2 protein chains.
Amino acid sequence: MKTAEATATSAGEVHAVVEVREKGSLDRATIVRTGLRLLDEVGIDGLSTRRLATELGIKSASLYWHFKDKDELLNEMSTVMLRECLHLGNANEPGFDALDWLADSARAIRSTALSRRDGAQVMARPLLKPPNTKTPLDDNRKALMRLGLTEMEARLAMHTIRRFAIGAAIQEQSSPPVPGTCTAAEGFEFGLKTFMDGLKVLIASRAHK
Amino acid sequence: MKTAEATATSAGEVHAVVEVREKGSLDRATIVRTGLRLLDEVGIDGLSTRRLATELGIKSASLYWHFKDKDELLNEMSTVMLRECLHLGNANEPGFDALDWLADSARAIRSTALSRRDGAQVMARPLLKPPNTKTPLDDNRKALMRLGLTEMEARLAMHTIRRFAIGAAIQEQSSPPVPGTCTAAEGFEFGLKTFMDGLKVLIASRAHK
DNA sequence: ACCTGAACACCGTTCAAGT
DNA sequence: ACCTGAACACCGTTCAAGT
């Protein structure tokens with residue numbers, strides 16, 4: 001006796017649980033969310049507009065009413081993933097340490113990227129223009145500036161950290177673990193610590209000026 | 001009077017200068033070289049097996065005699081690009097400075113990646129198993145160890161530098177220049193210097209142990 | 001050993017047309 | 001406003017068959 005894993009409707013097709021929805025109820029957020037779920041199942045190469053449309057219960061042509069093209073969709077997925085890993089603590093909290101926050105945000109970016117199949121490749125894409133994530137990032141940048149960094153240095157430090165974390169995750173997801181070396185996580189921590197040490201050198205040089 | 005840019009044969013098709021070659025003369029190296037040239041013309045999305053085959057004057061099916069699949073071809077292109085930027089100076093030379101060499105190799109990786117269209121995306125791919133580049137890299141790692149680093153730390157430093165350079169180049173090639181910030185090259189130098197400063201901190205801590 | 005012909009099972013995107 | 005049908009111009013890959 002076969003126990004079907006499928007849903008209520010008895011017949012036919014096994015995989016691809018199709019979403020049921022009424023006419024006007026499909027928006028960009030739903031498409032992006034479904035895209036991210038599908039990414040985990042099929043990977044970046046399997047994530048076609050046709051497959052995604054099937055998953056959403058529509059035809060692929062319909063996607064082009066919501067998005068200009070596939071690139072725009074992927075960029076929005078990238079933006080959502082970055083937003084996912086910014087719930088980290090705000091500069092206004094009591095025991096806030098800007099350097100700890102910076103290192104932790106690097107770890108969060110890496111693990112968010114690693115949390116889904118080909119996640120790093122998605123996060124390496126450009127972000128959409130207006131991330132409303134502006135506010136917490138602004139606060140944290142100011143916290144870095146209070147340590148003695150210029151505005152541009154603070155901006156660059158955050159930028160570099162993000163770049164390093166995504167670069168590391170890309171390599172981890174695309175290459176087999178390098179033989180004769182430690183684990184990927186340890187390698188990441190080495191790079192992160194070294195960068196943070198360099199940043200402390202810069203801060204120290206600002207302090208006694 | 002039209003001045004045709006085409007080659008000797010008078011007629012027909014304008015673009016795609018097809019290579020002329022006798023039967024057994026096509027090898028992996030030629031295919032990879034042509035692939036890299038074509039990459040500059042059409043970008044990673046335009047680089048199809050069919051287009052490449054046309055460029056080589058063969059049918060796309062023939063590529064599968066030389067390579068298992070497109071992935072293997074792209075990985076070999078990645079390996080060749082990395083090899084391109086390792087003619088930098090060897091640890092056996094007179095005025096050799098291991099830290100300078102490390103920073104310079106980061107710059108070389110970045111500029112090699114930026115030197116061709118979508119080059120960073122290609123370099124982010126896994127390398128093929130046996131790069132004969134082993135020898136110069138080994139010497140340079142030993143030079144780092146002479147400064148006080150353990151073998152693993154030296155390996156990790158080289159690894160991190162490569163990761164950072166490729167990560168930076170990927171972002172530069174896929175995102176528009178960030179507004180309100182300095183140039184990409186300046187941003188890269190900031191990250192590089194900070195990392196190198198951190199490395200010097202580590203070396204100093206080893207020195208008085 | 002090296003290459004082709006022809007097919008298989010797909011793609012992203014457009015656009016007139018439907019509701 | 002939102003979606004479909006149908007087409008256009010492509011893909012990567014396989015495999016029997018040619019030389």
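In what follows, chains carry the letters A, B, and so on, assigned in the order in which the sequence lines appear, proteins first and then strands, with residues in each chain numbered from 1. None of the values given here were measured: they were computed from a predicted structure.
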>> Checking B:A61 now: which residues fulfil side chain to side chain contact (heavy atoms under 4.5 Å, CB included) with it, not counting sequence neighbours?
In response: none
>> Test of understanding: with side chain to side chain contact (heavy atoms under 4.5 Å, CB included), list the residues that count as partners of B:T49, not counting sequence neighbours.
In response: B:S60, B:L63, B:Y64, B:K70
Of all residues at least two apart in sequence or in a different chain, which pass the salt bridge (Lys or Arg N to Asp or Glu O under 4.0 Å) check with [X]?
X	result
A:K193	A:D197
A:E189	A:R107
A:R117	none

> With sequence neighbours excluded, what pairs up with A:D27 under the side-chain hydrogen bond (donor to acceptor under 3.5 Å, both in side chains) test?
Replying inline: A:T30
> How many Å lie between CG on A:L47 and P on D:dC11, as a whole number?
Replying inline: 20 Å
>> Just the rounded figure in Å: distance from P of D:dG12 to OH of B:Y64.
In response: 6 Å
>> With rounding to the closest Å, how many angstrom separate the P atoms on C:dA9 and D:dC10?
In response: 22 Å
Give me the distances for all protein-to-nucleotides 3-6 of chain C N/O pairs that come in under 3.5 Å?
{"from": "C:dC3", "atom 1": "OP1", "to": "B:K23", "atom 2": "O", "distance (Å)": "2.7"}
{"from": "C:dC3", "atom 1": "OP2", "to": "B:H66", "atom 2": "NE2", "distance (Å)": "2.8"}
{"from": "C:dT4", "atom 1": "OP2", "to": "B:K59", "atom 2": "N", "distance (Å)": "2.8"}
{"from": "C:dT4", "atom 1": "OP2", "to": "B:S62", "atom 2": "OG", "distance (Å)": "2.5"}

> Pairs in or reaching into residues 72-81 of chain A: which pass salt bridge (Lys or Arg N to Asp or Glu O under 4.0 Å), with residues at least two apart or in two chains?
Replying inline: A:R28-A:E72, A:R28-A:E76
List, one per line, each side-chain donor-acceptor pair under 3.5 Å for residues 118-127 of chain A, sequence neighbours excluded.
{"from": "A:D118", "atom 1": "OD2", "to": "A:I44", "atom 2": "N", "distance (Å)": "2.8"}
{"from": "A:R125", "atom 1": "NH1", "to": "A:N75", "atom 2": "OD1", "distance (Å)": "2.9"}

> Tell me, which stems hold DNA chain D, with a stem being 3 or more Watson-Crick or G-U pairs in a row and both distances under 3.5 Å?
Replying inline: C:4-8 with D:12-16, C:12-16 with D:4-8
> Among residues 68-77 of chain A, which contact DNA chain C at a heavy-atom distance under 4.0 Å?
Replying inline: A:D69, A:K70
> Got a sec, which pairs hit side-chain hydrogen bond (donor to acceptor under 3.5 Å, both in side chains) with one end in residues 162-172 of chain A, sequence neighbours left out?
Replying inline: A:R110-A:E172, A:H159-A:R163
